[in-house]
Amino acid sequence: MSKQRPKQSVQSRRVSGIVGTMLLAIAAIWLVWLVLQGHAGTTFSWPVPGRPSSSSALQIPPLFAEGITLGHPSQPAALNQQQALLIANQVEPDAAANAGSSHAAYVLLTYTGPGGANFNNTPAWMIFYQGIPLEPADAAVDPTPFPQSHHDLYVFLDANTGKELLAIWV
């Protein structure tokens, strides 16, 4: 004796198969996109009004909020990464000693800030000190607690001379 399956069960399996195939296709497309983005060396970002749309620009949200845009240099730096880190550690010894981690990247710095600070595609080493602990305030003076216990510091050095161009606390 053969047992017939109800029509609803067959239809349910067919719909499940179609939905499963669609999900697998979406996952495959997403995986290919991630691999391609990793090899391109840049990250995808949605267009934002007022933000440069150059594909060579790398934007870091806290820096972008301060008016800083970064690009990818095509010429080599006169200073190497180790020299830049050494100079930055001498310029910002407290940050270097207390940061959870530090990273360096060779970038083109564009920034127009107060006090005449004006950099337009200036080759620079960006040193990023992450997770610097904040000193707690004296509760007798200011009982308001800090909203965060750590902050980060971005130091920009001229890639040719090692001179500090800019330091931004976030």
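Hydrogens, waters and symmetry mates play no part in the numbers below; they use all other heavy atoms, side chains included.
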Can you see which heavy atom on A95 is nearest to which on L153, and at what distance?
CB-CD2, 3.6 Å
For P62 and Y154 the tightest heavy-atom approach is CG-OH, 4.5 Å
Shortest non-hydrogen pair, A159 vs A77, comes out as CB-CB, 3.9 Å
Let me know which of T122, T69, I60, L70 forms a side-chain contact (heavy atoms from CB on, under 4.5 Å) with V107.
L70
For T110, all residues meeting side-chain hydrogen bond (donor to acceptor under 3.5 Å, both in side chains), sequence neighbours excluded
N121
Closest non-hydrogen contact found for L157 with A88 is CD1-N, 3.8 Å
Would you say M126 ends up clustered with L165 if hydrophobic residues are merged whenever their side chains have heavy atoms under 4.5 Å apart, either directly or through other cluster members?
yes
Answer yes or no: is there a side-chain heavy-atom contact under 4.5 Å between F156 and I68?
yes
What I'd like to find out is whether the side chain of I18 reaches to under 4.5 Å of the side chain of M22, using heavy atoms alone.
yes
Return yes if some donor-acceptor pair links the side-chain N/O of E66 with the main-chain N/O of L63 below 3.5 Å, else return no.
no
Considering all heavy atoms, the nearest T161-L79 contact:
C-CD1, 4.1 Å
Ring pair (Phe, Tyr, Trp, His ring centres under 6.0 Å): which pairs involve residues 98-127, sequence neighbours left out?
Y106-W125
Close side-chain approach of I127 to E92, heavy-atom, < 4.5 Å
no
Specify the closest pair of heavy atoms between D152 and Q130, including all atoms of both residues, with the distance to one decimal.
OD1-CA, 3.3 Å
Side-chain heavy atoms under 4.5 angstrom apart, residues restricted to Ile, Leu, Val, Met, Phe, Trp, Tyr: same cluster for W169 and V155?
yes
Nearest-0.5 Å distance, CG of residue L166 to CD of residue E164
8.0 Å
